[in-house]
Every structure is written in C-alpha cells, then in structure tokens.
Novice: 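This is the structure I have questions about; it appears just below.
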Amino acid sequence: MILYYFYRCVEWFLMLLPRSWRKVFFIFLSKVAFFIDTKHRRVILQNLHFALGHDFSPKAEEEISRYCYRNLMLAILQVLENRHQSAEELALHVSFANRHIVDDALKEGRRIIFISAHYGNWELGATALSTLVVPTHATYKKLNNPYFESYLLESRSKLGMNMIEKRGAIRGLTRAIKNAETISFLVDQNVSKKDGIVVNFFGKTIRQTAAPAFLARKYDALIIPLFIATDDEEHYKITFEKPIEVKKSDDAQKDILEATQKQADVVEKIIKENPKFWFWCHRRFKTEHPEIYT
C-alpha cells in the first residue's frame with residue numbers, strides 16, 4: 001500500500017510536467033534498467049540469435065537491446081497518461097492504415113477478433129483501437145498487488161477497453177463474441193504445452209494460443225491482425241493487416257492449426273520488417289526450446 005501511494009504521488013508530480021519532460025524521465029529510467037538488468041539483456045541476445053541468427057553487428061544488437069527497454073518504458077508511460085488523456089488528445093497522435101478492413105467487416109455484420117503482439121507501443125495501440133475504432137474485450141494477468149491491479153484496469157478501461165482476467169477468460173471472451181462484441185489477443189507470448197499448439201515461428205517450433213482460431217471458427221469471426229509503429233515517438237500509425245478467415249472443413253483441428261500458423265506468420269513478417277520494435281526481453285521460445293536460455 002505504501003509503495004502504491006508513493007507511486008501515485010510520483011504520478012501526480014509527473015503529470016504537472018510537460019509531456020516532453022515526462023518522456024525524458026522515462027527514457028532515463030530505460031537507460032538505468034538497461035545498465036543494471038543483465039539477465040534480460042542476455043535473454044534479448046539469446047532470442048535474437050535463435051530467431052534471426054548472428055547477422056547483426058554488435059552495434060545493431062546493442063541498439064535493439066536498448067530500444068527494447070526504451071519501448072517498455074514508453075508503454076508504461078502510456079499507462080500513466082491513459083488515465084489523464086481524452087479521446088480527442090489521443091487522436092492527435094494516432095493514425096490508421098487500412099482501416100477500411102475493419103469498417104467493411106463491421107458493415108457486413110461480421111464478428112471480429114483482433115490479434116497483435118508486444119510490438120511498438122502496445123499500450124497505446126490497444127487504447128487507440130478501443131477508443132477510436134471499436135470497443136474491445138481483452139485479457140489481463142491478475143497482479144499480486146490489488147491497488148496496482150485496480151490502477152492498471154482503470155487506465156486501460158477509461159477509454160473503452162473491457163478487461164477480462166486471464167484465468168478462466170475464455171468464458172468472458174465467448175460471451176462477448178456471442179454478443180457480436182469484438183475481442184483481442186496478444187499472441188506473441190510463450191505458453192505452456194497444455195495451453196498452446198505447435199506452430200513455426202522464424203523457422204522454429206513454438207507453442208501459441210489457439211484461442212483466436214478456435215473462437216473464430218466456432219462463431220464465424222474474422223481475425224484481423226494489427227500492429228503499431230512510429231518514426232518519431234510522437235506520431236504513431238496502427239496498420240491493419242490482411243484478415244484471416246478460418247476454414248470450416250470436416251477437420252476442425254487442421255483448420256485451427258492453419259489459422260494459428262497464419263497468425264504466427266504475420267507476426268514474424270512484421271518483426272522482420274523492423275526488429276527493434278518487438279519485445280525481445282520475453283522468453284518466447286522457452287516451452288519448446290528451454291536450452292537456449294541456459
């Protein structure tokens with residue numbers, strides 16, 4: 001509780017400052033984190049080498065590593081600012097590419113499942129999607145501290161996101177999709193063998209959640225991938241990728257696997273286009289390849 005109220009005091013002080021000053025402060029924190037967090041710096045390189053080989057120079061590897069921390073801190077800053085930002089202010093910083101994909105699906109009365117990754121400022125991306133395009137339901141992992149959990153939920157839900165606790169979330173997500181409400185998933189995190197199916201990612205086997213494909217097939221929903229990126233960290237663009245239609249053949253398992261593989265393929269494509277925006281700190285390959293992290 002003491003830590004929480006200390007944080008709220010810091011938040012109050014930071015929000016008195018110009019945004020450029022807040023950004024400088026969080027970038028400073030990212031540099032400190034990069035310096036002291038040798039554990040995750042090692043994970044970044046292990047992931048890079050495993051997924052993309054050793055084609056990067058040491059300088060390029062360091063740039064990607066540093067930006068991983070910087071991007072994380074900018075996402076945390078976004079959580080703080082979400083609580084104080086209006087939809088009009090948000091619209092000044094976010095634009096959309098291929099938005100017609102979503103608009104056309106909504107006009108046709110299609111159910112929609114959005115999928116994305118921890119790529120770019122994912123907190124801003126999720127907020128902008130729910131605020132400026134269509135409200136969505138998303139899952140979250142329960143925090144140990146109830147004060148910070150309440151804070152995070154308020155930040156994410158203030159502008160249109162509906163949060164469902166990850167444990168047992170399939171019931172809430174099913175209810176939403178049955179009611180023709182949109183739902184969203186981040187599909188780039190490692191999952192256990194019981195919670196995921198095997199697909200290929202950067203030419204390696206990984207476990208990935210099959211929930212988007214399963215729900216899309218059952219409720220005839222369209223899977224729409226989207227990703228957020230920036231050139232100047234002030235103006236961001238959310239790009240909607242080609243929709244994924246889930247087949248409904250006599251082999252449900254094959255249909256779900258194929259659609260899940262397509263999701264992995266589009267995430268891989270986006271990461272290859274600009275690797276620095278992905279959250280390389282996460283042990284994405286741990287379930288199938290634990291040896292790379294030893």
Novice: Quick one: does Phe214's side chain get under 4.5 Å of Thr209's, heavy atoms only?
Specialist: no

Novice: Side chain to side chain contact (heavy atoms under 4.5 Å, CB included) with Arg284: which of Asn190, Val43, Val191?
Specialist: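 That would be Asn190.
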
Novice: Counting heavy atoms not belonging to Glu291, are there more than 12 under 6.0 Å from its CD?
Specialist: yes

Novice: Between Glu273 and Lys269, does any side-chain N to carboxylate O distance fall below 4.0 Å?
Specialist: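 Yes.
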
Novice: In plain terms, say whether Arg8 and Glu11 are close enough for a salt bridge, that is, a side-chain N and a carboxylate O under 4.0 Å apart.
Specialist: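 Counted as a salt bridge, because a side-chain N and a carboxylate O are separated by less than 4.0 Å.
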
Novice: For a quick test of reading the model, state the closest non-hydrogen atom pair linking Ser249 to Arg217 and the distance between them.
Specialist: O-NH2, 2.8 Å

Novice: Apply ring pair (Phe, Tyr, Trp, His ring centres under 6.0 Å) to Tyr151 and Tyr7, showing your working.
Specialist: CA-CA 11 Å; Tyr151 176 92; Tyr7 171 80; 5.2 Å; yes

Novice: Does atom CG of Asp231 have more than 12 heavy-atom neighbours from other groups under 6.0 Å away?
Specialist: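 Counting neighbours around CG of Asp231, 12 or fewer heavy atoms of other residues, nucleotides or ligands fall under 6.0 Å, so no.
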
Novice: Are Phe240 and Val187 connected in a single hydrophobic cluster, I mean Ile/Leu/Val/Met/Phe/Trp/Tyr linked by side-chain heavy atoms less than 4.5 Å apart?
Specialist: no

Novice: Do the side chains of Lys204 and Glu288 get close enough for a salt bridge, i.e. N-O under 4.0 angstrom?
Specialist: no

Novice: Decide, yes or no, whether a salt bridge links Arg19 with Glu234 under the criterion of side-chain N to carboxylate O below 4.0 Å.
Specialist: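 Counted as a salt bridge, because a side-chain N and a carboxylate O are separated by less than 4.0 Å.
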
Novice: For the residue pair Thr182 / Thr136, report whether a side-chain donor-acceptor contact shorter than 3.5 Å exists.
Specialist: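 No, no side-chain donor-acceptor pair sits under 3.5 Å.
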
Novice: Would you check, one step at a time, whether the test side-chain hydrogen bond (donor to acceptor under 3.5 Å, both in side chains) holds for Glu61 with His49?
Specialist: CA-CA 10 Å; Glu61 290 180 348; His49 295 161; 2.7 Å; yes

Novice: In Å, rounded to the nearest 0.5 Å, how long is the span from CG of Asn82 to CG of Leu77?
Specialist: 9.5 Å

Novice: Is any side-chain heavy atom of Asp188 less than 4.5 Å from a side-chain heavy atom of Trp122?
Specialist: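 Not in contact.
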
Novice: For Phe28, does the CZ atom sit with more than 12 other heavy atoms under 6.0 Å from it, leaving out its own atoms?
Specialist: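 No, because the 6.0 Å sphere around CZ of Phe28 holds 12 heavy atoms or fewer from other groups.
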
Novice: Please examine the side chains of Arg207 and Asp195, heavy atoms only from C-beta on, and report whether any two atoms are closer than 4.5 Å.
Specialist: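 With C-beta onward as the side chain, the pair stays apart.
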
Novice: For Arg22 versus Leu17, what's the shortest heavy-atom pair and its separation?
Specialist: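 Residues Arg22 and Leu17, closest heavy atoms: NH1-O, 2.7 Å.
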
Novice: For the CZ atom of Phe26 and the CG atom of Leu80, what is their distance to the nearest 0.5 Å?
Specialist: 5.5 Å

Novice: What is the minimum heavy-atom distance between Ile224 and Pro243, and which atoms define it?
Specialist: CG1-CB, 4.4 Å

Novice: Going by ring pair (Phe, Tyr, Trp, His ring centres under 6.0 Å), His289 matches just one of Phe202, Phe201, Phe50. Which one?
Specialist: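 So, applying the ring pair (Phe, Tyr, Trp, His ring centres under 6.0 Å) to His289 and each of Phe202, Phe201, Phe50, only Phe50 qualifies.
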
Novice: Is the shortest distance from a Lys or Arg side-chain nitrogen in Arg175 or Glu181 to a carboxylate oxygen in the other one below 4.0 Å?
Specialist: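 No, Arg175 and Glu181 are not salt-bridged.
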
Novice: What's the separation between atom CZ in Phe285 and atom CD1 in Ile206, rounded to the nearest 0.5 Å?
Specialist: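 CD1 of Ile206 is found 7.0 Å from CZ of Phe285.
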
Novice: Salt-bridge test for Glu258 and Lys254: reply yes if a basic N is under 4.0 Å from a carboxylate O, no otherwise.
Specialist: no

Novice: So do Lys166 and Lys142 actually touch side chain to side chain, heavy atoms under 4.5 Å?
Specialist: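 Side-chain contact under 4.5 Å: no.
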
Novice: Between Lys23 and Glu81, is the closest basic N to carboxylate O distance under 4.0 Å?
Specialist: no

Novice: Walk me through it: do Gln78 and Gln85 pass the test side-chain contact (heavy atoms from CB on, under 4.5 Å)?
Specialist: CA-CA 10 Å; Gln78 188 62 43; Gln85 204 167 36; 3.3 Å; yes

Novice: Hey, what do you get for CD1 (Ile197) to OG1 (Thr260), rounding to the nearest 0.5 Å?
Specialist: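 Going from the CD1 atom of Ile197 to the OG1 atom of Thr260 covers 3.5 Å.
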
Novice: Roughly how far, to the nearest 0.5 Å, is OH of Tyr67 from CG of Asn274?
Specialist: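 Reported to 0.5 Å precision, the distance equals 8.5 Å.
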
Novice: Going from NE2 on His137 to CG on Asn162, what distance comes out if it is rounded to the nearest 0.5 angstrom?
Specialist: 4.0 Å

